[in-house]
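Single-structure report; data block below.
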Amino acid sequence: MPPEELDRTLTALPLRVGTYVPDDLLEDWFAPGTGMNPVSAEALKAAEAYGRRFECEFKYYPERQEGVFWKWVPAL
């Protein structure tokens, strides 16, 4: 389970600003025990669902070995 500080961070995150999470923490927080390298599909799916709770998008970048949460820009 992600720390509650991440909940607060994503709640307060301004539009177009990201929060970066390394893949070892993605595994620990979202799918402990599923293994790593590459990050498990379970962890990525859980991270994406978690981000939606805070109106955030989530994308995993394997070449950087990190995931990013960010607030999307509402359609104008």
Side-chain angles (χ1 to χ4, degrees):
M1 189 52 117
E4 77 176 50
E5 290 86 358
L6 186 57
D7 294 0
R8 290 194 301 268
T9 298
L10 295 184
T11 298
L13 198 64
L15 295 178
R16 301 175 55 210
V17 172
T19 296
Y20 300 79
V21 180
D23 53 6
D24 62 322
L25 292 179
L26 289 172
E27 281 292 338
D28 287 349
W29 292 347
F30 297 106
T34 59
M36 190 181 127
N37 205 10
V39 174
S40 70
E42 293 92 343
L44 298 177
K45 201 171 170 182
E48 185 177 349
Y50 173 79
R52 281 194 304 266
R53 289 180 30 209
F54 300 94
E55 298 179 336
C56 288
E57 302 243 4
F58 173 79
K59 180 163 172 114
Y60 179 67
Y61 296 91
E63 68 280 2
R64 296 184 345 211
Q65 297 182 314
E66 66 186 4
V68 180
F69 294 96
W70 74 94
K71 297 274 179 148
W72 59 77
V73 178
L76 299 176

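Side-chain atoms are counted along with the backbone in the values below, which use heavy atoms only and exclude waters and symmetry mates.
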Residues 8-15 side chain polar contacts: donor-acceptor under 3.5 Å, at least two apart:
from, atom 1, to, atom 2, distance (Å)
R8, NH1, E4, OE2, 2.7
T9, OG1, E5, O, 2.8
T11, OG1, D7, O, 2.8

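You'll find the side chain of W29 reaches within 4.5 Å of the side chain of L6, heavy atoms only. Under the 4.5 Å side-chain criterion, counting only non-hydrogen atoms from C-beta, V68 is in contact with Y61. With a 4.5 Å cut-off on side-chain heavy atoms, P2 and F30 count as touching.
Shown here for G67 and F58, the closest heavy-atom pair between the two residues is CA-CE1, 3.7 Å. Heavy atoms only, all atoms of each residue included: A47 and F69 are closest at O-CE2, 3.3 Å. When all heavy atoms of Q65 and Y60 are compared, the closest pair comes out as CA-OH, 3.9 Å.
Transitive grouping of hydrophobic side chains (ILVMFWY, heavy atoms separated by less than 4.5 Å) brings V21 and L44 into a common cluster.
Under the 6.0 Å distance and 45° angle rule, R53 does not count as a cation-pi partner of Y50.
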Q: Just do the side-chain contact (heavy atoms from CB on, under 4.5 Å) check on W72 and R16 with the steps written out, would you?
A: CA-CA 6 Å; W72 59 77; R16 301 175 55 210; over 6 Å; no
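In this structure, E27 contributes its side chain and S40 its backbone to a donor-acceptor pair below 3.5 Å. For K71 (side chain) and F54 (main-chain N/O), a donor-acceptor pair under 3.5 Å exists by modelled atom type.
The environment of E55 atom CD is sparse: at most 12 non-hydrogen atoms of other residues, nucleotides or ligands sit within 6.0 angstrom.
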